[in-house]
Amino acid sequence: MSETSARRSRVEGYESMGAARVGVVTFPGTLDDQDAARAVRHAGGEAVPLWHADRDLKGVDAVFLPGGFSYGDYLRCGAISRFAPLMEELIPSARAGLPVLGTCNGFQILCEAHLLPGALTRNENLHYVCRDQRILVENATTAWTGDYAPGQEILLPVKHGEGRYVADAATITALEDGGQIVFRYLGGNPNGSVNDIAGVSNEAGNIVGLMPHPEHAVEDLTGAPGVDGRGFFSSILKRFVNL
Amino acid sequence: MARVIVDVMLKPEILDPQGQAIARALPRLGFAGVTEVRQGKRFEVEIDGPADEAALADVRKMAETLLANTVIEDYSVRVEQ
Amino acid sequence: MARVIVDVMLKPEILDPQGQAIARALPRLGFAGVTEVRQGKRFEVEIDGPADEAALADVRKMAETLLANTVIEDYSVRVEQ
Amino acid sequence: MTDSVKRASETPDEPQPYAELGMKSDEYDRVRAILGRRPTSSELAIYSVMWSEHCSYKSSKVHLRQFGTKAPHSEALLVGMGENAGVVDIGDGWAATFKIESHNHPSYVEPHQGAATGVGGIVRDIMSMGARPVAVMDALRFGALDAPDTRRVLPGVVEGISSYGNCLGLPNIGGELVFDPCYIGNPLVNALCVGLLRKDQIKLATAPGPGNKVVLFGARTGPDGIGGASVLASATFEDESHAKRPAVQVGDPFMEKLLIECCLELFEADVVVGIQDLGAAGVSCATTELAAKGTGGMRVDLGLVPLRDPSLLPEEILMSESQERMMAVVTPEDIDAFMAICTRWDVPATVIGEVTDTGRLVMTWHDEIIVDIPPGTAADDGPVYERPFHEPAGQAALNADDPVRLTRPTDLRSTLLDLLASPNLASKEWVTSQYDRYVRGNTVLAMPADAGVLRIGEVMPGAEETDRGIALATDGNGRYARLDPYAGAQLALAEAYRNVAVTGARPLAVTNCLNFGSPEDPEVMWQFAEAVRGLADACRVLGVPVTGGNVSFYNQTGSTPIHPTPVVGVLGVLDDVGRRVRHGFTAPGLKIVLLGDTGDEFGGSEWAHVAHGHLGGLPPHADLEAERSLAGALVEAAERGLIEGSHDVSDGGLAIALAEAALACGVGGEVQLPGTDAFVDLFSESAARAVVTVRPEWFDAFAELCARYEVPCYGLGMTGGASLRVEGVLEIPVDELRAAHRTTLPAVFDS
Ligand SMILES: Nc1ncnc2c1ncn2[C@@H]1O[C@H](COP(=O)(O)OP(=O)(O)O)[C@@H](O)[C@H]1O
Ligand SMILES: [Mg+2]
């Protein structure tokens, strides 16, 4: 059986998770929505498309804000998207505990919306960077990282021009002390992020944002080498099966 | 019709790699005596009516919520002379 | 020590996609009455000595060769009050 | 005062600035003859731009015909030359469309915007075929790496391609980056886009059906790229304010992204009768071409065109090259549905006219008729030149200057490292890491693989299931073409064809971008004629038709032209993309096999260039039959799963191929050279060769397969270890190879 046919059969062990519904948001300029939806389906979940202009979360169990260049990344990445009608629904739900994952542009939107602390700024070397990056999973207790071991090293692609995480010193200390630094870059910081921060969570751990792209590391055939991104999707799906 | 200017600059404590890159390039290009460069944004906002207090308050709100990210940036609003 | 401000804006005839995107978003955010937004850059250049004519001429040259892309941008130089 | 048709008839002798618009006096006379009067200034705008070299191909047409007349029979060809892009059948109901186009001159003037809008333009060409654009590639040429000009232009070009392509969500899956002093002042920026569509969804640029609406949608029209039009405006109106119009176009990738999604929804809803992108010559080109290919007539009210700058005059609107615009023909029944989809995507759309059956393109401006022409005369009946050509004066001497006279090295270890660190062979990662190669999640192979490979099964949700994939490569070697443009063009095709085949894909079709000096120089024209003849002949032998392309003339500084640089793109198909062959040495313990024979061929080689700065003699022999056999063997071996990894042998020869193969996954290897002269074995650039790795237990089956294809096959050694060892010649740790390979570009561009 070739890899292509293999991709059609769902990842073993997750057949029963069909019930978990993960919303995938599309803003104008979102790019990775199809990839995110595919990764959700691949793990056995149902991907529910959510449209930025609809004030409707369609009763999903969790929400994925994918990467891209929403509104062209004009002004600041995520600055315009965070005002979308859908966000008006999402913000209170997330504060109330709805699991939300933002990758890349999604992370930027979560910061702009103040659902996560800090901000993402221009890469230190001023260049967009696309490369396969080693990442350390520091916190395996969030809604999206339960399937990883704490201290596990994974390989995910990064691809962004504005991924340098910054926050004031007090915020960084609070994040470090509170275990809210979920991911750190290993083997070279691609963007100059403070303390090599690749991703953070809110205090409750239901909202996670990171610059790397787990949805591009779920298949052998395509994307980055390896399938280290699968854990994000299995983590969130298991959570709902176990409810 | 009036033009309101909104200047947005990174807070002093936030690293500004663009400004630094420029400052580093200057000596090579033969410019001496520059101690620091910071790069920010400038918005020219054209408004329909006069730039009265109400309009300026509106622009200030726009700057606060949209044009600047106050986590990392400061802004200032003024009417163009 | 003095601070010289260089404002760089796209020439009026050049498309400003960023400004347009902002202007289009404003009504949705509840801001009415804005007819146009243009986005440019603002540089704060700190110089060693006083901002005399020689220093300003230097900064002007810097703007012309480095800070602005004069194919598509205009710039203006002034001493911060 | 508007220069209306009525006014033109009343003032037949009014002088017109046709020469300033680049028109020859006999061309102007022809326009007068066609119209039976002097053209209005708007008509003059249309004819001058439509009859320009860029739009009419007046110097190249007589040669390009060979791509049609010599074309091999191809079952796969669905749409051939003459449309916005060619379309080929890739099986299971799917089709692919691809094309490469130049944006050389704009990229020199304003590197970032020039290159960005180059990507934008080619993407719209692909959209106008009804396809979803799925990937881009870029073939770049600059002056010497350390030239100040290169340091200015290259970073801007790369940033332009990166920011525009990344923002559209199109993975960049390959391209080229070559440095040669001949490109100083004339960088080449050639952008390729590939799109996918269902076979029954092909759209054409045509405006049939009187009463159908003509819709302009996308960005508003501004004074972009209309430096030329200001001549007209000021000549007719003596209005100073129009004297200063920018020649630079600025792109809005966000608008383009919205346009892509909007167009796909429009196609899906089946509310488009005909569609055309607006590229060079904007509204002039779109209206004349759509009308000429449709029912033959169109009425347009130019006053309805949404403007970014309300002071634009009709002549300027006609010539504006504002980006991110498209024109569609829509039936009156579908127009509401069409508009609703545009609204959903925030894409402004305006009905500006209607299809007629009058055979005339009529445009009005504030109720006056300003254009009234038979559209075909502008779109199709432009001038055609049989430009004189002859072999360049120094050509024979150049070819006689054989590289055999060059001193050959004794220290092959340092020769290898020097070559590996030389600008043309060094790692291009500084550039490619600025491009998103993963977006859309279908990238199977990208940099540094020989060809980009995409899976197509997941492209459009709900479309037919397929295991197929496509592979794409572009190549071109200006030095080879300078030595022999006929063979040089064939070698460019052969290399792209081979690069596609080493991934296991069957080559199907060709696109090309022909970058040359001035066609008015008979020596350049000879290079052009020879290159086209060579390419057309080679396509016939290899069985791959040319489906489209682009010609870029006037790439020269003063009277010195660039090397003739035909860049050739080849598209191939994999029946099962899971069977694609990976790049380089993927694991230890595999047999390293060289396919193809090596001769003493150093004309135009990287070694002669790097070690001696020499260009002379003849390029390697273009043995197309051998290329065809090699590709056949590679494709069958891949289908049968007989090969693990591969890499073609080209610039820098076997030595560089082995080094790059080792660098791919950090796996070394040990080889024994097959020939008697280690230097020739390692650095000759003989074509029709590739290195593959094979599991030892499958070697016999593989060798038998090669024998059947009559492909020479040499077992060189085994993969493994931390260094590349050539027995009795050299040993270099992979880390040392990597250090040599990776530092060259950053050393220049990060300082
Ligand atoms: N070198 C070439 N080889 C084959 N076809 C070419 C070549 N150059 C141009 N063409 C074809 O001529 C037609 C007009 O080219 P072009 O003006 O570039 O198209 P467009 O108007 O879509 O930009 C296209 O169909 C193109 O594919
Ligand atoms: Mg076209």
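The chains referred to below are lettered A, B, ... by the order of the sequence lines, with proteins before strands, and numbering in each begins at 1. Because the structure is predicted, anything quoted here is derived from the model rather than measured.
- Other residues, nucleotides and ligands contribute only 12 or fewer heavy atoms inside 6.0 Å of the NZ atom of C:Lys61.
- We find the CZ-CD distance between C:Arg3 and B:Glu36 to be 8.0 Å, quoted to the nearest 0.5 Å.
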Open item on the list: Using side-chain contact (heavy atoms from CB on, under 4.5 Å), reason through C:Leu26 and B:Met62 one step at a time and then give a plain yes or no.
Closed with: CA-CA 8 Å; C:Leu26 288 175; B:Met62 200 183 294; 3.6 Å; yes
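- Ranked by non-hydrogen atom pairs under 4.5 Å with chain B, the options C:Val4, C:Asp58, C:Asp7, C:Val8 are led by C:Asp7.
- Between chain B and the options C:Glu46, C:Glu44, C:Arg42, heavy-atom pairs under 4.5 Å are most frequent for C:Arg42.
- Within the 4.5 angstrom heavy-atom criterion, atoms from both the backbone and the side chain of C:Ile47 approach chain B.
- Counting heavy-atom pairs closer than 4.5 Å to chain B, the top residue among C:Gly30, C:Gly19, C:Gly40, C:Ala32 is C:Gly40.
- The shortest side-chain heavy-atom distance between B:Val34 and C:Asp48 does not fall under the 4.5 Å cut-off.
- Interface remark: B:Leu29 contributes side-chain atoms only to the contact with chain C (heavy atom separation under 4.5 Å).
- Counting heavy atoms from C-beta outward, C:Gln39 and B:Lys41 have side chains that approach closer than 4.5 Å.
- In this structure, the side chains of C:Val45 and B:Ile22 stay at 4.5 Å or more apart for every pair of heavy atoms.
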